[in-house]
Amino acid sequence: MASLQTRDSNTIGHQVFPINTDVARIGRYADCDICLDHNGVSREHARLIREKNGYYIEDLQSRNGTFLNDQQVTGKARLREGDLLRFCNVELIFSSDDTNFGDHSSSVQILSDKSRAYLSDADEELDNAYTVKSQIKLTDKRPVLTSANAAVKLQAMIDIGRNLGAAVDQVLPQLVQNLLKIFLQADCAYILLNDSSGRLELKAFQHRDPNNQDSFRISRSILEKVAQSKAAILSDDVANDSRFEPSESIVNYSIYSIMAAPVMDYDQSEVLGVIQVDARSTGRKFTYEDLDLLVSLAYQVAVSYQNAKLHEIAMTEKIMEREMNIANTVQRGLLPLAPPTIPNYGFYDFYRPAKYLGGDYYDYIMLPDGRLVFALGDVSGKGVAASLLMAKLSAEVRSGLIIETTFEGTVQRLNRVFCEPRWDNRFITFFFGVLNPATNEIVFHNAGHVPPILVATDGTVTMLGEPKIGLPLGVMDDTEYPESSFVIQNGQTLVIISDGITDAMNSQGQYFTTEGVLNYLKKVRTESVIEFGKNLINAIHSFAGREPQSDDQSLIVVGRRDT
């Protein structure tokens, strides 16, 4: 059964119209056999007629005309497989057998010279016609320029080489034109490349005669045979192949000789597509030397195609890098612009993600009564997901301080929020401290984080609150986080770090470790809190050298320095 199928679903949607009568009226009227709901279509616009020798389209003196392959129909016009009918903005593709049409309408290509190529799955008759008289594996490639038209071939190959740096969409139309210059016996040239699903898709087609209005069918299965064998093939007399009984399809296609070569990737392991040329009317056969040259050209297509893909990937990565830089700037905007200023106290902070975006968080929040909240957290994992949770943590800390009446209640609320299943089982280690400058007391709660380190003036280091460390946020919703407290003395310094500090690794695979931090802090002798923090960071980076940072690093230093 013949059918018409919409080429572009933007006008009347995706539709298939079966043709099951000898005369099918086409128009806007609801009682038309093919109803096109579009204002530009006349009520009875045209009719499709089935006769003994095929199908015809006839315009019924419509207001805007009927167009066949972009030519206005006057009287009756013969329809062939894959023809394009246009009624105003409605475009329909004709199929004489809808089983050959099916869901492959995307394979029909309308190209610049009004010629058409139709990629078919069901043309088994044509498949049987291809006799492989010559076959070349790509490892046998030996480019040859015969003397008959060596100058023309050489110039065409030079033109191809000049275009290799251009985009694929620009190269392929020029390439099929050059194929017809190189192979003078060819009537048609095709280039097919794999789409995202690995299926061959027609990318470029050229017929030698720009006025030719016939449709040309390409057998998908023969192309897939070329791709599977990874070998170029030559059939030098399709119509007279002894294995094939003559049929109407072969007579219609008039294919006399054909060549096809696979387009391979750099290491010859993957087929990227297929190049095909065929002779339909010249009566001249392709030779082994022609096939040899086609294989060489397939290499150039592969180079152009893969270079373009690499360029596309590079451009995508460049865009992504720019977006990540913007996201990094936004994320840093969630962190404090500067340490707080409190008499008799100094502060230093440091933050560096392992990637563009990190999961570490720190903040200073000044309370109305003059106390200072300082917090540091470490979301499990790195990258975008961790950074989003870091932003959520930043917001929840501030809202929790407003909602809850106690600091422990604030931490417990954070834990309940991150115990919700929507966070993909991620957890957060979290330190929450409160400094009262009036009394010099610091109270803190620890949710699975590295214990804070208190450094005395004589170099004594003490890890505080270890017995009261609770589970990280997001592990168990009923976890308690008991309070620890101490009075910070003049000259003492409190250091809060993330595990990216202790996990810094050098080229020998050694970690800086918590012990390494403690040993370094025992030797620090400086009055300035800022210098104290900078010296610790410099020591860690000196230890790691050029070894890539494996985890986000963050640090808060709080020092009492009475004047």
Side-chain angles (χ1 to χ4, degrees), residues 332-353 358 360-367 370-378 431-444 446 449-465 484-504 512-545 549 552-563:
R332 288 184 178 274
L334 298 175
L335 301 174
L337 293 176
T341 300
I342 298 176
N344 301 324
Y345 281 90
F347 298 88
Y348 173 82
D349 51 65
F350 174 84
Y351 170 79
R352 189 168 75 174
D360 278 11
Y361 150 87
Y362 73 91
D363 204 355
Y364 307 105
I365 305 167
M366 199 61 124
L367 301 179
R371 289 180 293 177
L372 173 72
V373 171
F374 56 102
L376 191 150
D378 183 359
F431 172 89
F432 182 91
V434 183
L435 166 66
N436 187 341
T439 63
N440 298 311
E441 183 183 33
I442 294 178
V443 298
F444 63 90
N446 192 332
H449 200 75
V450 180
I453 304 168
L454 183 64
V455 184
T457 55
D458 62 357
T460 303
V461 295
T462 307
M463 301 186 76
L464 304 176
S484 298
S485 65
F486 70 100
V487 174
I488 185 168
Q489 303 298 323
N490 182 35
Q492 290 186 330
T493 306
L494 185 67
V495 180
I496 304 101
I497 61 175
S498 69
D499 61 7
I501 299 290
T502 59
D503 291 346
F512 197 73
T513 71
T514 302
E515 184 178 357
V517 173
L518 296 176
N519 289 336
Y520 177 80
L521 294 178
K522 292 176 183 178
K523 298 181 291 185
V524 174
R525 294 293 184 271
T526 177
E527 184 66 22
S528 167
V529 174
I530 293 176
E531 291 300 320
F532 186 102
K534 285 183 177 180
N535 289 341
L536 174 58
I537 293 300
N538 289 337
I540 292 165
H541 292 168
S542 176
F543 171 83
Q549 184 178 328
D552 306 326
Q553 296 176 349
S554 55
L555 166 74
I556 289 179
V557 178
V558 180
R560 180 181 170 187
R561 301 292 189 266
D562 292 349
T563 55

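Hydrogens, waters and symmetry mates are skipped; everything else that's a heavy atom, side chains included, is used.
Residues L372 and P340 share a closest heavy-atom pair of CD2-CG, 3.8 Å. P437 approaches G370 most closely through the heavy-atom pair CD-O, 3.5 Å. Summarising the geometry of P452 relative to I496, their closest heavy-atom pair is CB-CG1, 4.2 Å, with the distance given to 0.1 Å. Closest approach of F444 to G433, counting heavy atoms only: CB-CA, 3.9 Å. When all heavy atoms of Y520 and A539 are compared, the closest pair comes out as CE1-CB, 3.7 Å. Across P339 and D349, no two heavy atoms sit closer than the pair CG-OD2, 3.5 Å.
Every residue two or more places apart in sequence or in another chain that forms a ring-ring contact (aromatic ring centres under 6.0 Å, His included) with F350 is listed here: H541. In this structure, Y362 has no ring-ring contact (aromatic ring centres under 6.0 Å, His included) partners at least two apart in sequence or on a different chain. In this view, D499 satisfies the salt bridge (Lys or Arg N to Asp or Glu O under 4.0 Å) rule with no residue, not counting sequence neighbours. Residues that satisfy the ring-ring contact (aromatic ring centres under 6.0 Å, His included) test with F347, not counting sequence neighbours, are Y364. Residues meeting the side-chain hydrogen bond (donor to acceptor under 3.5 Å, both in side chains) test with N535, sequence neighbours left out: none. With sequence neighbours excluded, the residues forming a side-chain hydrogen bond (donor to acceptor under 3.5 Å, both in side chains) with S498 are D360, S554, listed by chain and number. N538 meets the side-chain hydrogen bond (donor to acceptor under 3.5 Å, both in side chains) test with no other residue; sequence neighbours excluded. In this structure, D503 has no side-chain hydrogen bond (donor to acceptor under 3.5 Å, both in side chains) partners at least two apart in sequence or on a different chain. In terms of the side-chain contact (heavy atoms from CB on, under 4.5 Å) criterion, residue partners of E527 (sequence neighbours excluded) are, by chain and number, R561. Every residue two or more places apart in sequence or in another chain that forms a ring-ring contact (aromatic ring centres under 6.0 Å, His included) with F374 is listed here: F431. Taking D562 as the reference, R560 meet the salt bridge (Lys or Arg N to Asp or Glu O under 4.0 Å) condition, with sequence neighbours excluded.
At a threshold of 4.5 Å between non-hydrogen side-chain atoms, the residues T514 and P451 do not count as touching. Residues V495 and L555 meet the side-chain proximity criterion, which asks for heavy atoms closer than 4.5 Å. Counting only heavy atoms from C-beta outward, the side chains of I501 and I537 approach each other to under 4.5 Å. Side-chain contact between V434 and V373: present, with at least one pair of heavy atoms (C-beta onward) separated by less than 4.5 Å.
The backbone N or O of I540 sits nowhere less than 3.5 Å from a side-chain atom of Q553 that would complete a donor-acceptor pair.
D552 and Y361 are not linked by any side-chain donor-acceptor pair at a separation below 3.5 angstrom, with hydrogens and angles left out of the test.
No more than 12 heavy atoms of other residues, nucleotides or ligands shown are found within 6.0 angstrom of CD1 on I530.
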Using distance only, find each side-chain donor-acceptor pair of residues 453-464 under 3.5 Å and give its atom names and separation, not counting sequence neighbours.
unit_1, atom_1, unit_2, atom_2, d
D458, OD1, T460, N, 3.0
D458, OD1, T460, OG1, 2.9
D458, OD2, T460, OG1, 3.2

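For the atom pair CG of L435 and CG of L494, the computed distance is 9.5 Å after rounding to the nearest 0.5 Å.
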